[in-house]
Student: 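Let me begin by handing over the structure; questions about it come next.
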Protein chains: 2
Amino acid sequence: MSSRNPKRALFAGLAEIAKALGHGHRLEIVEVLAQGERSVEALAEHVGLSVANASQHLRLMRRIGLLVSRRDGKRILYRPSDPSVLDLTAALRRVGERNAAEVRAVIGGYFRQRDALEPVSRRELARRIKDGLVTVLDVRPTDEFAAGHLPRAINIPLRQLTRRLREIPKSRAIVAYCRGPYCVLAYEAVALLRRRGFKARRLEDGFPEWRAACLPVEGGG
Amino acid sequence: MSSRNPKRALFAGLAEIAKALGHGHRLEIVEVLAQGERSVEALAEHVGLSVANASQHLRLMRRIGLLVSRRDGKRILYRPSDPSVLDLTAALRRVGERNAAEVRAVIGGYFRQRDALEPVSRRELARRIKDGLVTVLDVRPTDEFAAGHLPRAINIPLRQLTRRLREIPKSRAIVAYCRGPYCVLAYEAVALLRRRGFKARRLEDGFPEWRAACLPVEGGG
DNA sequence: CAATCATTCAACAGAATTATTGAATGATGG
DNA sequence: CCATCATTCAATAATTCTGTTGAATGATTG
């Protein structure tokens with residue numbers, strides 16, 4: 001039986017990790033942090049939590065080892081501890097896509113119909129950026145753009161897109177991107193641009209995946 | 001704000017999946033099921049739960065979509081719904097290896113020191129099996145062996161190994177395997193065999209990974 | 001060195017999860 | 001068509017998790 005106790009401890013430890021992701025708010029926090037490190041207050045606002053509550057969630061995930069933090073001036077910035085954490089959330093999304101009927105309904109009903117066009121692959125976009133053949137449009141909020149973005153990308157947050165359309169050359173192809181495969185910003189931007197006659201497509205996934213693929217990045221700390 | 005509600009629903013749905021793995025017993029159940037389908041009663045006994053309790057855990061994971069079940073005679077057999085579920089548990093293990101101090105301690109203290117020798121890779125073992133140069137030893141319990149095993153493998157459960165040593169030719173190299181990277185059976189078998197003068201090594205990972213790699217398998221339903 | 005302020009802590013009530021018990025279900029197999 | 005029996009359901013108590021409130025911490029920054 002001595003060979004079973006450490007096994008139990010192992011499963012219990014791994015279960016702690018899964019449990020730490022087993023909460024909508026925490027999962028959302030991790031996705032935001034996949035974009036780059038954030039302060040407690042910024043996260044609280046983004047996810048819609050009180051600061052104290054966000055702090056508790058963050059503390060829990062730090063204790064488990066999913067996140068690490070560092071001080072920058074008065075703020076404490078959190079980030080994922082390791083790329084394997086993002087692999088884990090990616091695996092979770094894949095299971096969700098295939099298995100969870102609930103999630104399937106959301107994805108199928110909400111995301112699919114927005115843009116039937118094939119997204120542009122990262123490799124293809126990297127090549128077209130190098131050739132200068134494309135306008136890269138980052139529709140995330142300004143602070144996320146500042147924390148890191150694709151080379152030569154211009155930043156127009158989705159909410160400002162309608163009134164800033166003149167900043168975008170109409171003659172060139174546009175590739176829009178945002179936070180990741182489940183972020184709606186780029187979908188909506190592409191839909192809007194196409195209605196206005198722009199040649200817009202969407203990048204597959206988003207900024208974190210671009211960086212994870214070791215493709216060039218500008219800006220950030 | 002209408003773009004946030006489905007997002008919340010998505011994260012909530014994914015969190016349900018993570019929560020379903022956020023329990024040591026459920027995680028252990030999934031690992032057992034990675035070996036092949038099992039009845040409720042068999043799982044309950046294996047994990048050390050009452051049948052009713054095991055049934056509840058199974059029902060939960062089936063509801064979430066991690067498991068599916070089918071009837072076979074009087075029994076109901078459960079299995080993982082999809083390979084992506086095993087990918088998810090693998091990602092969980094990787095995070096655990098790198099991040100969770102608790103788990104690191106267990107792995108480092110318990111598993112590492114057992115067999116400093118390099119394990120035999122699947123590819124290498126597949127080749128040596130084909131050449132007939134090696135004794136393949138399956139040290140899992142008999143029922144798990146019956147549900148599927150490596151070609152030409154002989155089955156001696158770890159507990160019987162000491163008294164059945166004479167069944168193993170001492171002249172040939174032995175490769176032992178068990179359930180997977182965190183199963184201790186093969187580690188202990190190799191340690192025991194080496195003390196008795198056998199040339200024993202361990203297969204990397206275990207049976208589920210062998211099957212997942214689409215390498216030949218014997219037995220099972 | 002002292003004021004500031006982002007973050008964390010502590011304590012609580014409400015909600016959710018877990019394991020147990022014993023009964024109910026319902027398909028099998030004769 | 002009925003007895004069997006593996007599985008599921010229902011109800012309960014114990015435990016754990018969540019979010020709120022308000023106070024405490026403690027490093028920064030002037």
Side-chain angles (χ1 to χ4, degrees), chain A residues 8-9 11-30 32-33 37-79 102 143 221, chain B residues 8-9 11-30 32-33 37-79 102 143 221:
Chain A
R8 286 286 147 80
F11 284 120
L14 294 176
E16 287 293 303
I17 299 173
K19 213 182 299 181
L21 289 180
H23 191 287
H25 289 155
R26 288 198 289 268
L27 220 41
E28 193 167 354
I29 286 173
V30 172
V32 174
L33 291 180
E37 54 187 7
R38 292 288 142 78
S39 70
V40 177
E41 192 176 18
L43 284 165
E45 194 192 0
H46 195 293
V47 182
L49 301 174
S50 73
V51 171
N53 192 9
S55 174
Q56 286 184 69
H57 285 304
L58 290 165
R59 194 175 68 95
L60 185 155
M61 291 193 280
R62 185 177 54 191
R63 182 172 60 78
I64 297 299
L66 291 176
L67 304 181
V68 294
S69 61
R70 72 178 179 93
R71 180 173 283 276
D72 174 44
K74 286 190 171 179
R75 294 159 190 264
I76 301 234
L77 302 180
Y78 280 84
R79 64 175 187 279
E102 201 178 5
D143 60 325
Chain B
R8 285 286 147 78
F11 283 120
L14 294 176
E16 287 294 303
I17 299 173
K19 214 183 296 181
L21 289 180
H23 191 286
H25 290 156
R26 287 198 290 268
L27 221 40
E28 193 166 355
I29 286 173
V30 172
V32 174
L33 292 180
E37 55 186 7
R38 292 288 143 78
S39 70
V40 177
E41 192 176 19
L43 284 166
E45 192 192 0
H46 196 293
V47 183
L49 300 174
S50 73
V51 171
N53 193 9
S55 173
Q56 287 186 68
H57 285 304
L58 290 165
R59 194 175 68 94
L60 186 155
M61 290 192 280
R62 185 177 53 191
R63 182 173 60 76
I64 296 298
L66 290 177
L67 305 180
V68 293
S69 60
R70 73 179 180 91
R71 179 173 284 274
D72 174 44
K74 287 192 172 179
R75 296 161 189 263
I76 302 242
L77 303 180
Y78 280 85
R79 64 175 186 279
E102 202 178 2
D143 59 325

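Residue numbers begin at 1 in each chain, while the letters A, B, ... track the order of the sequences.
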Student: Roughly how many Å is it from CD in E41(A) to P in dA6(C), rounded to a whole number?
Tutor: 5 Å

Student: Determine whether a donor-acceptor pair (N or O, by modelled atom type, separation under 3.5 Å) exists between the side chain of R26(A) and the backbone of K19(A).
Tutor: yes

Student: Identify the heavy atoms of I29(A) and H57(A) that sit nearest to each other, and give their distance.
Tutor: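 Closest approach of I29(A) to H57(A): CD1-CB, 4.1 Å.
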
Student: Give me, pair by pair, the N or O atoms of the protein and of nucleotides 8-13 of chain D that are less than 3.5 Å apart, along with how far apart they are.
Tutor:
residue, atom, partner, partner atom, Å
dT8(D), OP1, Y78(B), OH, 2.9
dT8(D), OP2, S55(B), OG, 2.8
dC9(D), OP2, R59(B), NE, 3.3

Student: Taking atom P of dT18(C) as reference, at what distance in whole Å does atom CG of L27(B) sit?
Tutor: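 L27(B) atom CG is separated from dT18(C) atom P by 13 Å.
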
Student: Within the distance-only criterion (no hydrogens, no angle test), does the side chain of R38(A) pair as donor or acceptor with the backbone N or O of A44(A) below 3.5 angstrom?
Tutor: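 Checking the backbone N and O of A44(A) against the side chain of R38(A), no donor-acceptor pair under 3.5 Å is found.
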
Student: For dG19(D), take OP1 and OP2 only and decide whether either is under 4.0 Å from a side-chain N or O of H23(A).
Tutor: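 Checking H23(A) against dG19(D): at least one side-chain N or O falls below 4.0 Å of OP1 or OP2.
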
Student: Could you pull out the closest heavy-atom pair between S39(A) and A42(A), with the gap in Å?
Tutor: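 In this case the closest contact between S39(A) and A42(A) is OG-N, 3.1 Å.
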
Student: I need the minimum non-hydrogen distance between A20(A) and L60(A), along with the two atoms involved.
Tutor: CB-CD2, 3.7 Å

Student: Would you kindly give the NZ-to-C1' distance between K19(B) and dT17(C), to the nearest whole Å?
Tutor: 9 Å

Student: CZ of R75(A) to CD of E37(A): how many Å apart, nearest 0.5 Å?
Tutor: 12.0 Å

Student: Using side-chain heavy atoms (C-beta onward) and a distance below 4.5 Å, is L33(A) in contact with L43(A)?
Tutor: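 Result yes, sub-4.5 Å side-chain heavy-atom pair found.
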
Student: Rounded to whole angstrom units, what separation is found between the CG atom of L60(A) and the C1' atom of dC9(C)?
Tutor: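 Computing the L60(A):CG to dC9(C):C1' distance gives 15 Å.
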
Student: Could you tell me whether the side chain of R79(B) reaches within less than 4.5 Å of the side chain of V68(B), counting heavy atoms only?
Tutor: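 Yes; the side chains approach each other to less than 4.5 Å.
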
Student: Give the B/S/- string for nucleotides 23-29 of chain D, one per nucleotide from 5' to 3', where a protein heavy atom under 4.0 Å of the base yields B, of only the sugar-phosphate yields S, and otherwise -.
Tutor: ----SSS

Student: CD1 of I64(B) versus P of dA16(C): gap in Å, rounded?
Tutor: 15 Å

Student: Using whole Å, report how far CD of E16(A) lies from C1' of dC17(D).
Tutor: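 In whole Å, dC17(D) C1' lies 12 Å from E16(A) CD.
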
Student: Find the distance R70(A):CZ to dT7(C):P and express it as a whole number of Å.
Tutor: 13 Å

Student: Would you kindly give the CG-to-C1' distance between L77(B) and dT28(C), to the nearest whole Å?
Tutor: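 Spelled out: CG on L77(B) to C1' on dT28(C) is 14 Å.
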
Student: Which atoms form the tightest heavy-atom contact between V40(A) and Y78(A), and what is the distance?
Tutor: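 So the minimum-distance heavy-atom pair works out to CG2-CE1, 3.6 Å.
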
Student: Does a side-chain N or O of H25(A) approach OP1 or OP2 of dG19(D) to a distance below 4.0 Å, or not?
Tutor: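 The answer is yes; a side-chain N or O of H25(A) sits under 4.0 Å from OP1 or OP2.
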
